[in-house]
Amino acid sequence: MSVTREMIPIVRDVVILGSTGSIGTQALEVISERPDQFRVVGLAAGGANIDLLARQILDVRPAVVAVAQAQAVQDLQLALYAAAKERGWNAGEASLPKILAGPDASTEVAATECDVVLNGITGAAGLGATLATLAAGTTLALANKESLVVGGRLVTEAAAEGQIVAVDSEHSAIAQCLRAGRRDEVRKVIVTASGGPFRGWTREQMADVTPEQAMKHPTWNMGRVVTINSATLVNKALEVLEAALLYDVDLDDIEAVAHPQSIVHSMVEFHDGSTMAQCSPPDMKLPIALGMSWPDRVADASAPCDWTKASSWTFEPIDHEAFPAITLAKRAGRAGGTAPAVFNAANEACVDAFCAGQIGFLDIVDTVETVLLEHLASAGTDDAGAISPTDIGSEFIGSDAVTVDAVWAADRWARARAADVAARGQTTTRPLS
């Protein structure tokens, strides 16, 4: 029997950014089980978990590796030799990959020739890699929602149609639901939220929340920043902004609802009254696999729902008074320009301050609001004692002509301003160990 081109399996070359984080480690698990579908050609990590990175390198043999901490290169080389020795490998059996180091190393790796770049970097730091991937014409499997939120039109206008594939479970669900109808038939997008560990709590009840309590997510196992963001619902706020940009949906047509079972990942309501929902048990391997293989599905990426067992799914409205992050994010999204970058940067600084015991749990979003409103008020002003808008990018509020330099200027200002506000209102919250 002759072998046709269609019968030859297509292997996708993948670069994984943030390989030692939650998304990156799960992506590597998906890939390790499917060597006939995926091949890792590049890895990037911050450098805080060198031993894990070394093991990953020996497992997948990438051609190039990036570490954000330049001083970690020698440690990585030593860890590679140690890990190879533990496996009983002989000298020379494990060749070293090309190692890039520094804050821009992940951006350089993102431009590697490949089929898919999975951006699992946490925070605004992923923006450079996102833009580099799009410039290279490579499919971007995007788990780094912050880069889209802070970059806004810089990112969407750099992308070809279909070049960005969502990896967040909510946005992957939306993409799947949108297959059920035409874009002009969509009335509303419904993004679900677990509600975090404090669902149903009042502001008064959350006044003394500790970092340890905030890290106990009821459904998902995620990194520190995303877990704290889930507790404050800032993560859902960022996802609302991401959904608007990814699918060109008006912010007024995006609704967030609490769904504590985390089985319905998002829904799309069509103008005839029909609502399509994507359902699966809470397992990030499904959207990760779909993101790397889009538009094709990966067989047995995760276990399906068990329809032989009784279960109940509940949906509740968000208490926006107790959790104002979504309302605040929509305000930043409507302002546009550098406002979303300020929202995100101030939050990242506040999460660090909260985990260090410098501010209380409620102070996180309250401080973000203070910084964002100052940024919005600074547009068009340059009064004595005020920060010039050209220093913080506020002249781009309401404009789609935002620049990368303006985004980073706004980011730097927001972090510094949030830290200043936090320093003036320290609490006795215990640091996160």
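Sequence positions, counted from 1, serve as the residue numbers for this chain.
The side chain to side chain donor-acceptor pair (under 3.5 Å) check on S22 picks up Q26, with sequence neighbours excluded. Remark: F198 engages W201, F361 in a ring pair (Phe, Tyr, Trp, His ring centres under 6.0 Å) (not counting sequence neighbours). Take D296 and apply the side chain to side chain donor-acceptor pair (under 3.5 Å) test, not counting sequence neighbours, and it matches no residue.
The salt bridge (Lys or Arg N to Asp or Glu O under 4.0 Å) contacts involving residues 115-129 comprise nothing, where partners must be two or more places apart or lie in separate chains. Residue pairs satisfying the salt bridge (Lys or Arg N to Asp or Glu O under 4.0 Å) criterion with at least one member in residues 340-362, sequence neighbours excluded, are listed as follows: R224-D352, E348-R415.
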Test log, rule side-chain contact (heavy atoms from CB on, under 4.5 Å), inputs C355 and V351:
CA-CA 6 Å; C355 291; V351 168; 4.3 Å; yes

For S32 and D59, run side-chain contact (heavy atoms from CB on, under 4.5 Å): C-alpha distance rounded to whole Å, both residues' side-chain angles, the deciding distance at 0.1 Å, then the answer.
CA-CA 9 Å; S32 68; D59 287 339; over 6 Å; no

I would like to know whether I228 and V234 meet side-chain contact (heavy atoms from CB on, under 4.5 Å); could you show each step before the answer?
CA-CA 8 Å; I228 301 296; V234 165; over 6 Å; no

Can you list the steps and then say if L241 with L251 is a side-chain contact (heavy atoms from CB on, under 4.5 Å)?
CA-CA 7 Å; L241 296 180; L251 285 167; 4.0 Å; yes

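T210 places a side-chain N or O within donor-acceptor distance of the main-chain N or O of Q213, the cut-off being under 3.5 Å. The backbone N or O of H171 lies less than 3.5 Å from a partner atom in the side chain of Y247, making a donor-acceptor pair. Judged by distance alone, the side chain of T133 and the main-chain N or O of A129 form a donor-acceptor pair under 3.5 Å. With hydrogens and angles ignored, the 3.5 Å screen pairs a side-chain donor or acceptor of K330 with a backbone N or O of I254. Side chain of S172 to backbone of S169: no donor-acceptor contact under 3.5 angstrom is found. The backbone N or O of V116 lies less than 3.5 Å from no partner atom in the side chain of D13, so there is not a single donor-acceptor pair. Using a distance-only test at 3.5 Å, with no hydrogens or angles considered, no donor-acceptor pair links the side chain of R34 to the main chain of V298. When atom types are taken as modelled, the side chain of H259 and the backbone of V264 share a donor-acceptor pair closer than 3.5 angstrom.
Annotation: D250, atom CG; neighbour count of heavy atoms from other residues, nucleotides and ligands within 6.0 Å is above 12. Around the CD atom of E113, the shell of radius 6.0 Å holds no more than 12 heavy atoms that belong to other residues, nucleotides or ligands.
Of all the heavy atoms in L238 and V149, the pair that sits closest is O-CG2, 3.6 Å. The two residues R55 and R87 have their closest heavy-atom pair at O-NH2, 3.3 Å. Shortest non-hydrogen contact noted between V11 and D36 is CG2-O, 3.4 Å. Scanning both residues, N119 and S147, for their nearest heavy atoms gives ND2-OG, 4.4 Å. The shortest heavy-atom contact between P62 and V65 is CG-CG2, 3.7 Å. Between H265 and A173, the closest heavy-atom pair is CB-CB, 3.7 Å.
Classification of the W313-W307 ring pair by plane angle, with boundaries at 30° and 60°, yields tilted.
Distance check, rounded to the nearest 0.5 Å: OG of S266 to CD of Q176 gives 10.0 Å. Separation of atoms CD (E146) and CG (L127) is listed at 11.0 Å; rounding is to 0.5 Å. In this structure, the separation between CG on D168 and CG on L246 is 9.0 Å, given to the nearest 0.5 Å. Put simply, CG on L373 and OG on S378 are 11.0 Å apart, with the number rounded to the nearest 0.5 Å. Interatomic distance, OG1 of T403 versus CH2 of W408, reported as 12.0 Å (0.5 Å rounding). With values rounded to the nearest 0.5 angstrom, I121 atom CD1 is found 12.5 Å from I23 atom CD1.
Both tests do not hold together for R12 against W294: distance to the six-membered ring centre under 6.0 Å, angle to the ring axis within 45°. Cation-pi contact between R417 and W413: absent, since separation from the ring centre below 6.0 Å together with deviation from the ring axis within 45° is not met.
Two residues are said to be in side-chain contact when any heavy atoms from C-beta on lie closer than 4.5 Å; V165 and V167 fail this criterion. Side-chain contact between R199 and E316 is present, with at least one heavy-atom pair separated by less than 4.5 Å. By the 4.5 Å heavy-atom criterion applied to side chains, E369 and P324 are not counted as neighbours. Residues I57 and L80 meet the side-chain proximity criterion, which asks for heavy atoms closer than 4.5 Å. Looking only at side-chain heavy atoms (C-beta outward), I318 and L233 come within less than 4.5 Å of each other. Between L53 and N49 the shortest side-chain heavy-atom distance does not fall below 4.5 Å. A heavy-atom distance below 4.5 Å is found between the side chains of V191 and I174. Inter-residue side-chain proximity for V155 and L245 is flagged as unmet; no heavy-atom pair is nearer than 4.5 Å.
A salt bridge between E170 and K236 is present, with a side-chain N of the basic residue lying under 4.0 Å from a carboxylate O of the acidic one.
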Could you go through residues 69-76 and list every donor-acceptor pair under 3.5 Å that involves a side-chain atom there, pairing it with any protein atom two or more places apart or in another chain?
none

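Checked options L362, D363, I359; the residue passing with F354 is I359 (criterion: side-chain contact (heavy atoms from CB on, under 4.5 Å)). Each of V14, T130, L17 was evaluated against V117; a single residue qualifies, L17, per the side-chain contact (heavy atoms from CB on, under 4.5 Å) test.
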